Amino acid sequence: MPSATPEREPFRIVLGVAGGVAAYKSAELIRRLRARGYEVEPVMTREARRFIGASTLAALAGRPVRTELFDDPTTPIPHTRLGQGADCVVVAPATAHLIARYALGLADDLLTATLLATRAPVVLCPAMHTEMWENPSVRENLATLARRGVLVLGPADGPLAGGDEGPGRLVEPEAICALVARVLEGYRGPLTGRRVLVSAGGTREAIDPVRVLTNRSSGRQGVALAEAAARLGAAVTLVTAGAHEVAPDVAPAVTVVRVESAAEMGEALARAFDHADALVMAAAVSDFTLEARAEKIKRRDGAPTLTLRASPDLLAGLAAGRRPGQVIVGFAAETSDVEANAARKLEEKGVDLLVVNDVTAPGAGFDHETNEVVILARDVAPERVPLAAKGAVAQVILARVAALLDRGAR
Ligand code: CTP
């Protein structure tokens with residue numbers, strides 16, 4: 001009998017293996033990817049063949065291993081076929097040499113040519129000695145690739161070949177497999193089908209071409225909220241004035257818009273707000289701005305007087321124009337009368353939830369890895385979230401958002 005749900009073709013993964021000791025782990029990786037039902041096309045560099053036998057990888061993948069750009073009897077253009085046919089290209093291990101060639105856009109073997117010929121998501125798992133990993137040229141090459149949308153996973157910290165210890169180990173095959181699964185299949189959860197808009201970081205107001213007026217917000221809590229929303233299944237837009245990147249497992253589900261000033265943040269939020277089901281406003285928006293001078297203020301002219309003017313309350317403005325069913329979460333950074341101030345903001349800003357943190361409490365607030373908050377809402381008792389990692393705090397907040405969205409949708 002024909003099955004009721006049409007079966008999709010299995011996902012096809014090109015697994016690039018470069019020449020490093022960790023190449024031995026690619027055998028285990030192929031086994032795991034195949035166990036998830038994916039097809040795996042192994043592509044080894046010539047150097048990788050010194051570290052693990054091609055027959056091992058071919059046997060596990062159930063297909064031949066390719067290395068050469070030319071003389072393939074089955075196709076004259078193997079890189080195009082592999083690149084176009086891939087749903088995901090994974091390189092594990094990615095050596096310093098492979099990373100450099102990819103960053104430069106070289107196509108001098110089958111693996112690098114395939115990397116250039118693909119439009120599929122690419123996951124690079126670096127592995128090398130700590131000294132190489134810490135070399136600025138390696139870091140800059142990876143930063144270039146990350147900027148172009150390549151997902152970088154690892155390296156891990158631990159024992160290395162030759163008895164050394166430190167960052168540079170290939171991440172475990174299980175973690176690589178989990179990331180590939182996320183990239184291909186996405187996360188599913190209570191926010192699947194929802195669009196969540198998150199703001200993060202402290203905005204910067206230009207004083208002159210070299211100086212800015214800003215605040216201590218790092219953007220960590222906002223990034224953690226974007227990640228948590230994506231892991232619950234949401235499609236996320238993150239408007240951020242901070243420098244932190246989102247984790248690679250959620251990168252495909254998060255559109256990042258980088259802004260600097262409160263005005264830029266306002267424009268970016270206004271563009272995305274209409275399509276959003278929820279707004280989570282974790283950014284520390286500058287309350288005051290000023291007319292930036294075109295030229296640097298010179299010391300010899302003496303201390304300047306800066307005239308500040310109030311910038312609009314973005315959150316209150318968005319909340320005032322919301323459509324029915326949209327859920328809005330505000331934040332409050334307080335240093336005194338914490339809950340009384342926050343309760344006032346809940347009303348004044350017209351939000352559904354107000355997450356308050358006492359930024360003077362130890363381990364909480366600006367630039368910490370952890371946070372301690374109270375979630376206020378109308379008609380229910382405040383929810384205290386004890387000191388925890390910002391990711392854990394984000395999960396509690398997003399669970400409340402999901403519950404409110406479900407209530408609104410009914
Ligand atoms: N907020 C905003 N636009 C601003 C200032 C704040 O959208 N110009 C948002 C923040 O993102 C946050 C909430 O409003 O979600 C509360 O921010 P907070 O700085 O605590 O409150 P303010 O309204 O600025 O009040 P005050 O600084 O006087 O405490």
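For clarity, every value in this text was computed on a predicted model and none was experimentally measured. Indexing begins at 1, ligand by ligand and atom by atom, following the structure's order.
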Where at least one partner belongs to residues 12-35, residue pairs that pass salt bridge (charged side-chain N to carboxylate O under 4.0 Å, His left out), sequence neighbours excluded: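 Non-adjacent pairs meeting salt bridge (charged side-chain N to carboxylate O under 4.0 Å, His left out): Arg12-Glu39, Arg12-Glu41, Lys25-Glu172, Glu28-Arg31, Glu28-Arg32.
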
Is the closest basic N to carboxylate O distance between [X] and [Y] below 4.0 Å?
X      : Y      : result
Asp109 : Arg46  : no
Arg169 : Asp157 : no
Asp301 : Lys298 : no

Set of residues that line ligand 1, where lining means a heavy atom lies under 4.0 Å from it: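 Met281, Ala283, Val285, Ser286, Asp287, Pro312, Asp313, Leu314, Leu315, Gly330, Phe331, Ala332, Ala333, Lys345, Lys349.
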
Glu134 atom CD: more than 12 heavy-atom contacts under 6.0 Å: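 Correct, the count exceeds 12.
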
Candidate pair Arg258 and Glu245, rule salt bridge (Lys or Arg N to Asp or Glu O under 4.0 Å), full reasoning: CA-CA 11 Å; Arg258 296 203 180 271; Glu245 307 277 348; 3.5 Å; yes

